[in-house]
Visitor: 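Here it is, the structure, as structure tokens.
The analysis underlying the following values was restricted to heavy atoms, covering all of them including side chains, and did not include hydrogens, waters or symmetry mates. Below, chains carry the letters A, B, ... as their sequence lines are ordered, and counting in each starts from 1.
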2 protein chains.
Amino acid sequence: MRAEDRRELILEAATRVFGDFGYEGTTTAGIARAADVSQPYVVRVFGTKEKLFLEVLQRALALLLSAFRAALADASDIPVHRRLGIAYVELAANRGLLLSLMHAYVLGRDPVIGPVGRSGFMSVYRFMRDEAGFSADETQEFLAGGMLINTMIGLRMTDDYDSDAQVRELLDTAFPEKLDILLLVAADQRAEES
Amino acid sequence: MRAEDRRELILEAATRVFGDFGYEGTTTAGIARAADVSQPYVVRVFGTKEKLFLEVLQRALALLLSAFRAALADASDIPVHRRLGIAYVELAANRGLLLSLMHAYVLGRDPVIGPVGRSGFMSVYRFMRDEAGFSADETQEFLAGGMLINTMIGLRMTDDYDSDAQVRELLDTAFPEKLDILLLVAADQRAEES
DNA sequence: GCGATAAGTTATCGTGCGATTACTTATCTA
DNA sequence: TAGATAAGTAATCGCACGATAACTTATCGC
């Protein structure tokens, strides 16, 4: 296989594994297993685990912004707010994408990951303010909702959707639409892990 | 020193270190250094690193709920929403407390930490709904704001408060009050780390 | 003051990890 | 078709980590 294609496959696998286990909790061997290549190959292609994580973050952010721009450009009678909200939740179908970013967001202390996380987060903020035309208040509220969504995904709260009425109430409120996507992804994941 | 007091000192130190480096990123030696005891002692008191983290989480959650209950009981003309919001931000003065919880919130995949994180989060949800009298929508919005605050702390976004106007705008919006607490804690932290 | 118990430490061990080295296999081109 | 180049693997290394074992010091009741 061409190195470039293999690279992309490893990046996708790494996104899932980093999302599940976090930066420190992830091993290059785990990524290699998920990508069905040898562990040294993962290291050789990306140099170090840290560089691989940074590439995962950049790719995730690029996909996020690209999805937002598509949702913004897609003229329809649905209000922009809702269009962007739907686009965000739909990103959860790309397993590990939002979660890998979230892991970076709680590692601000790291001298390498910290600055990348901050600048990545702010590039989303800038998109909202400058491209989507949100006010500061609207942007704050949108981002807050996004962070709650990330938290629900990180906690795997959907696991308790059927068994706990209050979890159901919370998730129904936090995901006014497209909750079905999340429940489906979660079911897939549980199936894969067993 | 009495074992019970030493235990509490280690828990406080562990809260800070887990908050900074995450669960996997934290070493028992790092905690020992922060608590000024030997590494094996940390392990002996708590059994394993995992058990120590679980105790950190339980303590953090207990402090959080206790702060909320105090804010709720404290009769004043300030509306409940604002009182609870202020109480939450004030918890950031207890370094690592909110962040340790946040780290647990993105480790839902872990068979031990996952359930604890979910039940911890839901106990906050239940407080809002049952004790504070929030509606589902109000609770969702409050929690979303909380997750954004956690993210700002995790990213150490305050580091760029002075140098980036958009960061300033974001933080001023996300922290309508008591932002000063955060800026102060961040300054302390930077001083300590250098 | 002495034995027991509680509160610690130093030294060390096994292991899992990221990374390196040396090797192998396939593909393309002169 | 030889030989170069790209795409991979197997074997291994050094080390940092969590945990254990063995030892030391202080405190307190008798």
Visitor: C/dG8 C1' sits how many Å from B/Ile10 CD1, rounded?
Guide: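 Atom-to-atom, B/Ile10 to C/dG8, this comes out as 10 Å.
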Visitor: With the side chain of A/Ser38 defined as its heavy atoms from C-beta on, choose the nearest nucleotide among C/dG18, C/dT10, D/dT9.
Guide: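 Ranking C/dG18, C/dT10, D/dT9 by closest atom to the A/Ser38 side chain puts D/dT9 first.
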Visitor: D/dT12 C1' sits how many Å from A/Gln39 CD, rounded?
Guide: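 Value for this atom pair: 11 Å.
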Visitor: By nearest nucleotide on DNA chain D, pick out whichever of A/Pro40 and B/Glu24 is the more 5' one.
Guide: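 Counting from the 5' end, the first nearest nucleotide belongs to A/Pro40.
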Visitor: Quickly work out the B/Asp36 CG to C/dG8 C1' distance and round it to whole Å.
Guide: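 Those two atoms, CG and C1', are 12 Å apart.
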Visitor: Which of these nucleotides, D/dG8, C/dA19, D/dT20, is closest to any side-chain atom of A/Met1?
Guide: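 Of the candidates, D/dG8 comes closest.
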Visitor: Measuring from the side chain of B/Arg44 (C-beta onward, heavy atoms only), which nucleotide among D/dG8, C/dG8, C/dG18 has the closest atom?
Guide: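 The nucleotide sitting nearest to the side chain is C/dG8.
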Visitor: Touch check for B/Arg2, heavy atoms < 4.0 angstrom, all strands: base, sugar-phosphate only, or nothing?
Guide: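 The answer is sugar-phosphate, as B/Arg2 gets under 4.0 Å only of primed atoms, P, OP1 or OP2.
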Visitor: Taking only the side-chain heavy atoms of B/Val37 (C-beta and beyond), determine which of D/dA10, D/dG18, C/dT9 contains the nearest atom.
Guide: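 When the side chain of B/Val37 is considered, C/dT9 is the closest of D/dA10, D/dG18, C/dT9.
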Visitor: Specify the separation, in whole Å, of atom CZ of B/Arg33 and atom P of D/dC17.
Guide: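 Interatomic distance, CZ of B/Arg33 to P of D/dC17: 8 Å.
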Visitor: With the side chain of B/Ala3 defined as its heavy atoms from C-beta on, choose the nearest nucleotide among C/dA7, D/dA7, D/dA10.
Guide: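 Selected nucleotide: C/dA7.
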Visitor: Can you tell me how far C1' of D/dA6 sits from CG of A/Asp5, to the nearest Å?
Guide: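 Value for this atom pair: 14 Å.
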Visitor: Starting at CG of A/Leu9 and ending at P of D/dA7, how long is that distance when rounded to a whole Å?
Guide: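 That distance rounds to 14 Å.
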Visitor: How would you label the contact of B/Thr27 with the nucleic acid (heavy atoms, under 4.0 Å): base, sugar-phosphate, or nothing?
Guide: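 Here B/Thr27 touches the backbone only, sparing every base.
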Visitor: Mind calculating the distance between CD1 (B/Ile31) and P (D/dC17) to the nearest angstrom?
Guide: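 Value for this atom pair: 12 Å.
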Visitor: Of all the nucleotides listed (D/dA19, C/dA7, D/dT9), which has the minimum atom distance to the side chain of A/Tyr41?
Guide: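 In terms of side-chain proximity for A/Tyr41, the closest of D/dA19, C/dA7, D/dT9 is D/dT9.
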Visitor: Are A/His103 and A/Phe21 near enough that their ring centres are under 6.0 Å apart?
Guide: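 No, the ring centres sit 6.0 Å or more apart.
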Visitor: Could you state the atom-to-atom distance from CZ of A/Arg7 to P of D/dA6 in whole Å?
Guide: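 Atom CZ in A/Arg7 sits about 15 Å away from atom P in D/dA6.
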Visitor: Does A/Arg6 have a side-chain nitrogen or oxygen under 4.0 Å from the phosphate oxygens OP1 or OP2 of D/dG8?
Guide: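 Yes, A/Arg6 has a side-chain N/O under 4.0 Å of OP1/OP2 on D/dG8.
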Visitor: Determine, for B/Asp74 against B/Arg83, whether the closest basic-nitrogen to carboxylate-oxygen distance falls under 4.0 angstrom.
Guide: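 Salt bridge between B/Asp74 and B/Arg83, a charged N being under 4.0 Å from a carboxylate O: no.
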Visitor: Just to verify, which of A/Asp20, A/Val56, A/Leu98, A/Ile31 counts as forming a side-chain contact (heavy atoms from CB on, under 4.5 Å) with A/Thr15?
Guide: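 Among A/Asp20, A/Val56, A/Leu98, A/Ile31, the one that satisfies the side-chain contact (heavy atoms from CB on, under 4.5 Å) with A/Thr15 is A/Val56.
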Visitor: Honestly, is A/Lys49 close enough over A/Phe18, meaning NZ or CZ under 6.0 Å from the six-membered ring centre and within 45° of the axis?
Guide: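 So A/Lys49 doesn't make the cation-pi contact.
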Visitor: Does the side chain of A/Leu101 reach to within under 4.5 Å of the side chain of A/Leu57, using non-hydrogen atoms?
Guide: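 Side chain of A/Leu101 against side chain of A/Leu57, heavy atoms only: contact under 4.5 Å found.
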